[in-house]
Structure formats: structure tokens, C-alpha cells
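Just so we're clear, the structure is a prediction, and the values are computed from it rather than from any experiment. By convention in this document, chain letters (A, B, ...) are assigned in the order of the sequence lines, proteins followed by strands, and residues within each chain are numbered from 1.
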Number of protein chains: 2
Amino acid sequence: MKTKDKIIHAAIELFNLQGEQNVTTNHIAAHLGMSPGNLYYHFRNKEDIIQAIFDRYAEQLNLLFGLDDNSGSESVGGLRTSMRYMEAVVGLMWQFRFIYENLPDILSRDVVMAEKYRQIQEPVYGLMTRHLLGLRAQGILLANDEDLDALLHLMKQVLIFWPAYLHTLTPGGNITKAMVYGVVPRVFFMFRPYMAPEALDELRQLEQYFQDKASQSRVKEGVDA
Amino acid sequence: MKTKDKIIHAAIELFNLQGEQNVTTNHIAAHLGMSPGNLYYHFRNKEDIIQAIFDRYAEQLNLLFGLDDNSGSESVGGLRTSMRYMEAVVGLMWQFRFIYENLPDILSRDVVMAEKYRQIQEPVYGLMTRHLLGLRAQGILLANDEDLDALLHLMKQVLIFWPAYLHTLTPGGNITKAMVYGVVPRVFFMFRPYMAPEALDELRQLEQYFQDKASQSRVKEGVDA
DNA sequence: GTCTATACAACGATAGAC
DNA sequence: GTCTATCGTTGTATAGAC
């Protein structure tokens with residue numbers, strides 16, 4: 001693994017564990033048994049490191065949501081696809097939780113990153129809009145345009161700030177992957193009043209699936225920290 | 001006005017305007033045309049100032065939610081009371097928005113404040129639980145215990161992180177009071193599927209009331225910054 | 001590429017005169 | 001109560017040898 005990658009990796013780990021603001025460039029270097037000077041050979045400054053992490057985040061996001069394949073054949077998908085999206089979100093939320101935990105702070109400190117963030121998120125919400133419209137076309141979701149939009153934005157806010165919310169609830173401040181999975185039933189709860197009765201059964205199954213996931217990761221907690 | 005109060009006042013203003021972490025004790029002193037030494041005569045350190053602000057916040061919260069009057073005569077109230085609560089929340093969110101905008105950060109930096117925060121919030125959510133149960137008893141709200149609890153926690157998260165969410169949406173990062181009012185229709189939207197049909201009309205009136213409020217403050221924007 | 005050593009700036013906080 | 005002056009610490013970042 002290249003030194004640059006090692007630094008990025010260590011930075012993510014320390015940021016997640018101790019909070020981005022509590023981790024200095026010296027900490028990162030020390031954690032790698034490396035001199036601060038060496039770190040600055042590979043990165044201009046701390047912001048530069050965070051930006052590199054953001055790029056990784058964007059990469060994974062595009063990959064998981066299939067935003068790269070410009071094959072034009074975007075599968076609308078049913079509730080199974082919704083589930084895949086939720087898994088992607090939860091995975092990213094865990095992997096890059098320091099971003100979610102201090103979003104306003106990180107964005108307000110660097111205008112470039114704020115712009116980058118919005119450009120990363122935008123296509124995802126385009127995709128989600130099309131996905132919800134698809135669910136409605138299939139008769140799974142029963143809602144007018146206005147309600148669909150409200151649901152989308154509500155979901156957006158709840159998802160983005162879920163790690164931050166967990167952070168305020170836990171005294172020590174350390175959240176677990178199982179806790180992150182806890183957002184799924186909440187999102188489903190918001191959609192339930194708008195689900196077609198026939199689809200409720202499948203939704204229940206998906207909810208069960210996520211509950212199992214949550215307990216699985218509760219067992220192997222710390223392994224994939 | 002006593003110097004101590006002036007400092008608190010200035011601190012709140014600067015924190016709200018520029019973000020708590022971007023405001024140093026020197027900035028506060030300079031803003032008041034005062035020496036740093038003088039500021040430190042009145043407060044032991046920066047945390048001390050923030051704690052004082054927290055105490056003010058708690059005071060106002062207790063006042064607005066009537067948590068002081070231990071007369072035992074807690075009026076359960078209908079939707080008009082819900083409205084009063086919403087106004088209280090929005091008002092506090094605006095007045096102390098820097099707290100809401102960087103909650104995880106502020107709490108993680110100071111364990112004492114984290115505990116204080118939880119002790120401030122707790123009775124409010126007790127009150128809100130009783131209020132929602134009251135609405136159900138009056139036939140305004142139709143939901144089982146589980147759904148009521150889910151609604152409460154969802155509302156809690158949406159409200160607390162509304163200013164932070166707005167912060168991520170606005171490029172400059174400066175939010176307005178009118179924008180803060182925007183959370184009200186979202187909260188109402190979450191409850192709508194569980195409202196009794198007879199109550200929907202009154203809900204619509206309340207929504208109109210808040211829309212007017214929002215445009216009013218849009219006009220006098222900056223006056224009560 | 002990596003190290004040691006160090007410059008530099010910012011901020012928090014204090015001492016002591018008035 | 002308020003000032004001026006200043007210290008100490010910490011974190012960012014660079015210079016220059018290896």
C-alpha cells in the first residue's frame with residue numbers, strides 16, 4: 001500500500017474514532033510511526049487529506065448507487081432495490097461517520113468542500129426521486145407529487161444526521177454499526193402510511209432482514225471498525 | 001446591563017453569526033471594545049461562557065414550556081398548545097442556533113455540558129409525551145403507543161438538526177428566521193397520516209398561521225438577528 | 001521518501017499596573 | 001473593573017540533511 005493511501009486510511013480511522021477536530025496531523029503521523037515532515041511531503045495540509053477522503057467517499061457513493069454506469073439502462077427496481085440503497089447508505093454512514101457527525105463544521109470551514117459535498121449528493125437525490133416515482137408507478141407507493149417530495153426531503157435529513165443524532169444520545173459518544181442500522185426502521189416508518197396494503201408484507205420482511213443485519217454486526221462489533 | 005451580561009450577549013451574537021469555533025475570546029472582547037484581560041476577569045475561560053449561555057437556554061426553555069410552575073395543573077391542551085410549543089421551539093432554535101448547528105461538536109468537547117444538555121432536554125420530552133397522549137385521548141391523534149413513540153423520536157431528531165440541515169443546504173451558511181420556521185410544515189407532515197379527519201382542518205389553519213409568521217419574519221429579517 | 005529540527009501563528013489564559 | 005503586556009501551549013507547516 002502506498003504511503004499516501006496509508007495516511008488516508010489512518011486519517012479516516014482516527015477521525016472516526018476520536019472526531020476530526022481532535023485529530024491533528026501529528027497524531028496521524030505518530031499513529032503510523034511516521035514523522036510529521038513525511039506526512040507533509042504527501043499532503044499539502046490537513047484540508048488536503050480531508051478532501052482526499054471526500055473523493056474516496058464520492059467514489060464509493062457513485063459505485064454503490066450505480067451512478068457510474070452511463071449505460072442508460074437504469075433499473076427502476078422495487079423494494080429490493082430500496083433495500084440495496086439503504087444498505088449502501090448505512091455502509092457509507094458507518095465507514096465515513098466522522099463526516100456525518102460534524103457535517104456543518106466541516107463544510108463551513110472549507111467552501112471548496114461544501115461545494116464538493118453538494119455536487120456529490122445531488123445525483124443521489126435525483127436517483128432517489130426517480131426510484132420513488134418508480135415505486136409509485138408500480139403501485140407500491142401511494143402518494144401525490146407533493147407528499148413524495150416531502151418524504152424524500154424528510155428521509156434525506158433523517159439519514160444525513162442520524163450519526164450526529166446518535167452521537168448526542170450516547171454519553172461516551174462512541175456509536176456502533178448496529179446503532180447505525182437503527183435508522184432503517186425509522187425511514188420505513190415514515191413511508192409506511194403511504195405504502196399500498198399489498199406491499200406492507202414485503203416491507204415487513206425487509207425490516208426483518210435489517211434487524212438481522214443489525215444483530216450480526218452487533219456480534220462482530222469492532223471487527224470492521 | 002452588567003459587563004457579564006454584555007459578554008454573554010456578544011458571545012451569542014458572534015457564535016450565531018460566525019460559528020462557535022471561529023470565535024475566540026479575543027474576538028468577543030474586541031467586539032465589545034474591551035480587553036481580553038477584562039473578559040477573563042468575568043469568566044474563567046471560554047467553556048465558562050458557553051456554559052453560561054447554556055444556562056440561559058435552559059431558563060428560557062423551562063419558561064416557554066411552563067416547566068417551572070410546579071402548580072401540578074399542567075394543561076394537556078389541544079392543537080393550539082401544540083402550536084405554542086412549536087413556536088417556542090422555533091424561537092429557541094433561532095436565538096441559540098449556534099448550539100443546534102454544532103451540537104455533536106459542542107457536546108463532545110465538554111462532558112459536563114453533554115450531561116447538562118441531556119438534563120435540559122429530558123423533561124421537555126416527558127412533557128411532549130404527555131401532550132401527544134393527551135391529543136390521542138381527545139381523539140385528535142389516532143396512533144398506538146409504538147407509533148406515537150416513533151413519531152416523537154422522529155420529530156425530536158428533525159427538530160434538533162433542522163438548523164444544521166439548513167446550514168448544509170445554504171452555500172454561504174447563513175440561515176434566516178424564515179428558514180427556521182420551515183421546519184413546522186415538515187413536522188406537521190409527519191403527523192398528518194395519524195390525524196383524525198376532523199382535526200385536519202384545524203391543522204391546516206395552524207399551518208397557515210405559521211406560513212404567515214414565516215413571511216412576517218422574512219420582511220423584518222435582520223432586525224431580530 | 002523519510003527523517004530531525006524548527007519556524008510561525010493562533011489561541012487561551014495570566015500577571016500586575018491603574 | 002479594566003487595562004497592557006506577555007507567557008505557554010499546541011498545531012500547522014517548512015527547511016534541509018540523509
For this session: Rounded off to whole Å, could you give me the CD1-to-C1' distance for the I7(A) and dA13(D) pair?
Result: 14 Å

Problem set entry | d(CG, N22(B); C1', dA10(C)) in whole Å | 13 Å

What does the list of N/O pairs under 3.5 Å between the protein and nucleotides 1-3 of chain D look like, with a distance for each?
residue	atom	partner	partner atom	Å
dG1(D)	OP2	Y41(B)	OH	3.4
dT2(D)	OP1	T3(B)	OG1	3.4
dT2(D)	OP2	T3(B)	OG1	3.0
dT2(D)	OP2	H42(B)	NE2	3.0
dT2(D)	O5'	N38(B)	ND2	3.0
dC3(D)	OP2	S35(B)	N	2.8
dC3(D)	OP2	S35(B)	OG	3.0
dC3(D)	OP2	N38(B)	ND2	3.3

For this session: Specify the separation, in whole Å, of atom CZ of F43(A) and atom P of dT14(D).
Result: 15 Å

Exercise. When the distance from CG of N26(A) to C1' of dG11(D) is rounded to whole Å, what number comes out?
Worked result: 7 Å

Exercise. In whole Å, what is the span from the NZ atom of K46(A) to the P atom of dA9(C)?
Worked result: 20 Å

For this session: Tell me yes or no: between the side chains of Y209(A) and E87(A), is some donor less than 3.5 Å from an acceptor?
Result: yes

Exercise. Is the shortest side-chain N/O distance from Y40(A) to OP1 or OP2 of dA13(D) below 4.0 Å?
Worked result: yes

Problem set entry | Exercise: identify the closest heavy-atom pair between Y100(A) and I160(A) | CD2-O, 3.3 Å

Exercise. Side chains of S82(A) and H131(A): donor-acceptor distance under 3.5 Å anywhere?
Worked result: yes

Exercise. Around R118(A), counting heavy atoms of other residues, nucleotides and ligands shown, do more than 12 lie under 6.0 Å from its CZ?
Worked result: yes

Exercise. Are V184(A) and V187(A) close enough, and set up right, to give a side chain to side chain contact (heavy atoms under 4.5 Å, CB included), and what steps lead you there?
Worked result: CA-CA 5 Å; V184(A) 178; V187(A) 170; 5.9 Å; no

For this session: May I ask you to test the Q21(A)-D105(A) pair for a side-chain heavy-atom distance under 4.5 Å?
Result: yes

Exercise. On DNA chain D, nearest-nucleotide positions of R44(A) versus H27(A): which is more 5'?
Worked result: H27(A)

